Amino acid sequence: MAADISQRIKSLYSTFSKGQKKIANVILNDYDKAAYLTAARLGKMVGVSESTVVRFASELGFEGYSEFQLAVQELVRIKLTPNQRIEVTKQRIGRADILESVMESDINKIRYTLERLDRKVFSDAVDAILEAKTIYITGARSTEPIARLLSHNLSLIFDNIKFVVPTSSAEVFEQMYSVSSEDTVIAFSFPRYSSKIVNAVKFARQKDARVVAFTDSDVSPLAEYATCLLTAQSDMASFMDSLVAPLSIINAIIIEITRRREKEITSRFDNLEKIWDEYDVYAKQ
């Protein structure tokens, strides 16, 4: 989406009016300043009317200003350095109540994701997990912790889980050497996208494995190789991204798997509880 908006603006630039060129220049060169402005405030910033800003978004092919704004925000997430992100966040939140602002924003991300998530794709992703001979799970940098969380939870109920440690690209391929059409690879990557994860899912598809990709949009570099594309909205939270929406999808996947395999999983946990009690895995209260 982000690269797409830049390309759209550049390709149409010569057809823009003087006012539209002012907007275009801000988006191409100072998108960090414009990403979180309303149409009225963006218009005031560049010296044009609010209606000119809305028409500009429409001419670029967006259904409305909010859709246009999301595309500009994507530029911020992909291109800015951590220090630049901190500055944008400071300007965006200002003196507002930090806790309320951040949590309200996270609630909106989950709601936005829920409204757009294809239920069939979700069901297909669960099928891919249940039917796999081996389930490979990987994520790098900020997404490694949520990939490990999924790996931990699935390891409690399945014996066929393999976490692929995102070290060098060569070592990733070595860990996935035996992947085949009988397997499923679950990969996580959000802007700024990890080249290791993109290469991992590309390798998996070359081996005819199913790929369940957690990412932010259908123009993510993971999308090309996904057999099940689970898109979740993420957004800047200072130098890091908020990943509450993909975490919520993970919770739903675990619950759906438990519902489908309830008897088998209940029996497994009965046995695990005996082991945990015998070896004092959990503190007594």
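Worth saying up front: this structure is predicted, and the values here are computed from it rather than measured.
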Between Lys120 and Asp124, is there a salt bridge with N-O shorter than 4.0 Å? yes
Working to the nearest 0.5 Å, report the span between OG of Ser242 and CZ of Phe190. 10.0 Å
Donor-acceptor contact below 3.5 Å, side chain Asp183 vs main chain Ser180: yes
For Ser189, does its backbone N or O pair with a side-chain atom of Thr215 as donor and acceptor, under 3.5 Å? yes
Check whether any side-chain N or O of Gln233 sits under 3.5 Å from a backbone N or O of Ala245 as a donor-acceptor pair, and report yes or no. no
Spatial distance of atom CD1 (Ile257) from atom CG (Leu154) [nearest 0.5 Å]: 5.0 Å
Asp106/Arg111 ion pair, N-O < 4.0 Å: no
So is Arg205 actually on top of Phe203's ring, under 6.0 Å and inside 45° of the axis? no
Got more than 12 heavy atoms from elsewhere within 6.0 Å of CD, Gln206? yes
Can you get from Val26 to Val54 by hopping between Ile, Leu, Val, Met, Phe, Trp and Tyr side chains that sit under 4.5 Å apart? no
Do the non-hydrogen side-chain atoms of Thr143 and Phe214 ever get within less than 4.5 Å of each other? no
Give the minimum heavy-atom separation between Ile197 and Ala187, together with the two atoms involved. CG2-CB, 3.8 Å
Can you hop from Ile253 to Leu243 via hydrophobic side chains spaced under 4.5 Å? yes
So does Lys274 pair up with Glu278, basic N to acidic O under 4.0 Å? no
If two hydrophobic side chains count as joined below 4.5 Å and joins carry through other members, does Ile110 share a cluster with Met103? no
Consider only side-chain heavy atoms of I, L, V, M, F, W and Y, link residues closer than 4.5 Å, and tell whether Ile135 and Ile146 are in one cluster. yes
Given side-chain contact (heavy atoms from CB on, under 4.5 Å), test Ile137 with Val164 step by step and report yes or no. CA-CA 6 Å; Ile137 303 174; Val164 178; over 6 Å; no
Relative to Tyr193, does Arg141 satisfy both conditions: NZ or CZ under 6.0 angstrom from the six-membered ring centre, and within 45 degrees of the ring's axis? no
In this structure, would Leu130 and Ile157 fall into the same cluster of hydrophobic residues linked by side-chain contacts under 4.5 Å? yes
State, to 0.1 Å, how close Pro145 and Ser142 come at their nearest heavy-atom pair, and which atoms those are. CD-O, 3.3 Å
In this structure, OG1 of Thr138 is separated from CZ of Arg148 (nearest 0.5 Å) by 9.0 Å
Keeping the roles fixed (side chain from Thr258, backbone from Ile254), state whether a donor-acceptor pair exists under 3.5 Å. yes
Going by heavy atoms in the side chains, are Ile250 and Phe188 under 4.5 Å from each other? yes
Arg119 (side chain) donor-acceptor with Leu117 (main chain) under 3.5 angstrom: yes
Can you see which heavy atom on Leu272 is nearest to which on Leu156, and at what distance? CD1-O, 3.6 Å
Nearest 0.5 Å, please: how far is CD in Gln20 from OG1 in Thr52? 7.5 Å
Check: Val244 main-chain N/O paired with Lys109 side-chain donor or acceptor under 3.5 Å: no
Whether Arg210 side chain and Ser181 backbone form a donor-acceptor pair below 3.5 Å: no
Between the side chains of Ser217 and Ser220, does any donor sit under 3.5 Å from an acceptor? no
Side-chain contact test, heavy atoms from C-beta onward, threshold under 4.5 Å: evaluate it for Leu149 versus Leu247 and give yes or no. yes
To the closest 0.5 Å, what do you measure between CD1 (Ile9) and CG (Leu28)? 4.5 Å
Kindly indicate, with the supporting measurements, whether the criterion side-chain contact (heavy atoms from CB on, under 4.5 Å) is fulfilled by Ser267 and Asn271. CA-CA 7 Å; Ser267 175; Asn271 293 325; 4.3 Å; yes
Would you mind reporting whether Glu144 and Phe163 have side-chain heavy atoms less than 4.5 Å apart? yes
Donor-acceptor pair, distance only, cut-off 3.5 Å: does the side chain of Asp216 make one with the backbone of Ala232? no
Hey, does the side chain of Ser11 reach the backbone of Gln7 with a donor-acceptor pair shorter than 3.5 angstrom? yes
Rounded at 0.5 Å granularity, tell me how far CZ in Arg260 sits from CD1 in Ile129. 9.5 Å
Assess, by modelled atom type and distance only, whether the side chains of Asn25 and Tyr13 contain a donor and an acceptor separated by less than 3.5 Å. yes
Salt-bridge criterion met for Arg41 and Glu50 (N-O under 4.0 Å): no
What closest approach, in Å, do Thr184 and Ala128 show between heavy atoms, and which atom pair accounts for it? OG1-O, 2.7 Å
Whether over 12 other heavy atoms sit under 6.0 Å from Glu63 CD: no
Indicate yes or no for a side-chain donor-acceptor contact from Asn108 to the backbone of Glu104 under 3.5 Å, with no hydrogens or angles considered. yes
On a heavy-atom basis, which atom in Gln175 and which in Thr167 lie closest, and how many Å separate them? NE2-OG1, 4.1 Å
